[in-house]
Amino acid sequence: MSNNSASLLHKRQSKIIGLTAGAVFLLVLATASVLLGAQMFGFSNLWESYRHFDGSNEHLILRTTRVPRVLVAAAVGACLAVAGAVMQVLTRNPLASPSVFGINAGASLFIVIGLVLYGSSLTMNSMIWIAFAGAMFVAVCVYAMAMRGSWFEPVKLTLAGAAMGAFASSITSGLILINKQSLDTALFWMIGSVSGRKLEHLFAVAPYMAIGIGLALLLSNSLNIIMLGEDSARGLGQRVTLVRLLSSLAVVLLAGSSVSAAGPIAFVGLIVPHLCRSLIGQDHRWLLPCCAIYGAVLLVAADLAARFVLMPKEVPVGIATAMLGVPFLVHAARRKEHD
């Protein structure tokens, strides 16, 4: 992880400007994402769809498809980026992301089990709650494994997450092979997409997202102290175990709700924290809000770009983030070797 001295923005005023610029950029991207696509709209169409809704096809697309899609992408991007930043502190691994918990694999496993049991009768609302249950279940199992012996050792947490993730993925693959009728739906969800999401899907998980972000922000100063090392943190009066427990709860809420809403979208929780550290430094009181803003920017931008790759067909946003994330991961790993 880079030092504060290596960040671009040092002064408080410049950091505020950086966050404000990100928020403005997000607003511009969100507007573009609503208006652009296989069917183009003008800003007047968007304005009229809310001011004088007439039930036309254009107004329906804007209000029930485009706007919810952008809001889901922004919320999921923000949550995954904040979860990634917290996860990297918990595991002391700058290449960690929410998938370390096995949350993605757990959500995918429960979705496939639901498809096997209920088939096409499984609604999107049902899938969201099933995915959230799967994410929470695997996270609890990971903690049960990591807490045996000493409390919350980062290495144990990482190994437990990897083991549970591999186990859940293998069961998922077996179920898909046995029940091929669920293959298409399961694979589309497992790639990660915000297409077809409705406002009610976002509202279902919004309370968990809000609690997760609020908890992470409350712990921001404690995360700064934890980064000094456990011995130093205890010497400063920090309750290390409690901070790790609450931070982990924040990650589970953020990543679990995001995966349940949009599927297991990879690399957002890895890319954004690194970029934000380069921009604004290590102080989590600034870093976490920065991650939330630029995580939303990244996912909204990726979703917008994914519409034009194979137009009129759309590429799931999970593929777009993977195309960005793999080169970034290789670059970050190589730089870590040279540090």
(request) Is it possible for you to say whether Ile111 and Leu117 belong to one hydrophobic cluster, with membership spreading through side-chain heavy-atom contacts below 4.5 Å? (result) yes
(message) Which heavy atom of Ala163 sits nearest to which heavy atom of Met145, and what is that distance?
(response) CB-CE, 4.4 Å
(request) Hey, could you give me the CD1/OG distance between Ile226 and Ser232, rounded to the nearest 0.5 Å? (result) 10.0 Å
(request) Could you tell me which non-hydrogen atom of Ala292 sits nearest to which non-hydrogen atom of Ala78, and how far apart they are? (result) O-CB, 3.2 Å
(request) Can you measure from CG (Asp303) to CG (Leu299) and round to the nearest 0.5 angstrom? (result) 7.0 Å
(request) Nearest 0.5 Å please: distance from the CZ atom of Arg244 over to the CD atom of Gln238. (result) 11.0 Å
(request) Show your working on side-chain contact (heavy atoms from CB on, under 4.5 Å) between Phe308 and Leu36 and close with a plain yes or no. (result) CA-CA 9 Å; Phe308 294 93; Leu36 304 179; 4.0 Å; yes
(request) Calculate, to the nearest 0.5 Å, the distance between atoms CG and CG belonging to Asn104 and Leu109 respectively. (result) 12.5 Å
(request) Check whether Ile16 and Leu19 end up in the same hydrophobic cluster, where Ile, Leu, Val, Met, Phe, Trp and Tyr are linked by side-chain heavy atoms less than 4.5 Å apart. (result) yes
(message) Can you tell me how the ring of Phe132 sits relative to the ring of Tyr208, calling it parallel under 30°, perpendicular over 60° and tilted otherwise?
(response) tilted
(message) Tell me whether Arg66 forms a cation-pi arrangement with Phe41, defined as NZ or CZ under 6.0 Å from the six-membered ring centre and within 45 degrees of its axis.
(response) no
(message) Hydrophobic cluster membership, with links at side-chain heavy-atom distances under 4.5 Å among I/L/V/M/F/W/Y: are Met87 and Leu242 in one?
(response) yes
(message) Checking Tyr294 now: which residues fulfil ring-ring contact (aromatic ring centres under 6.0 Å, His included) with it, not counting sequence neighbours?
(response) none
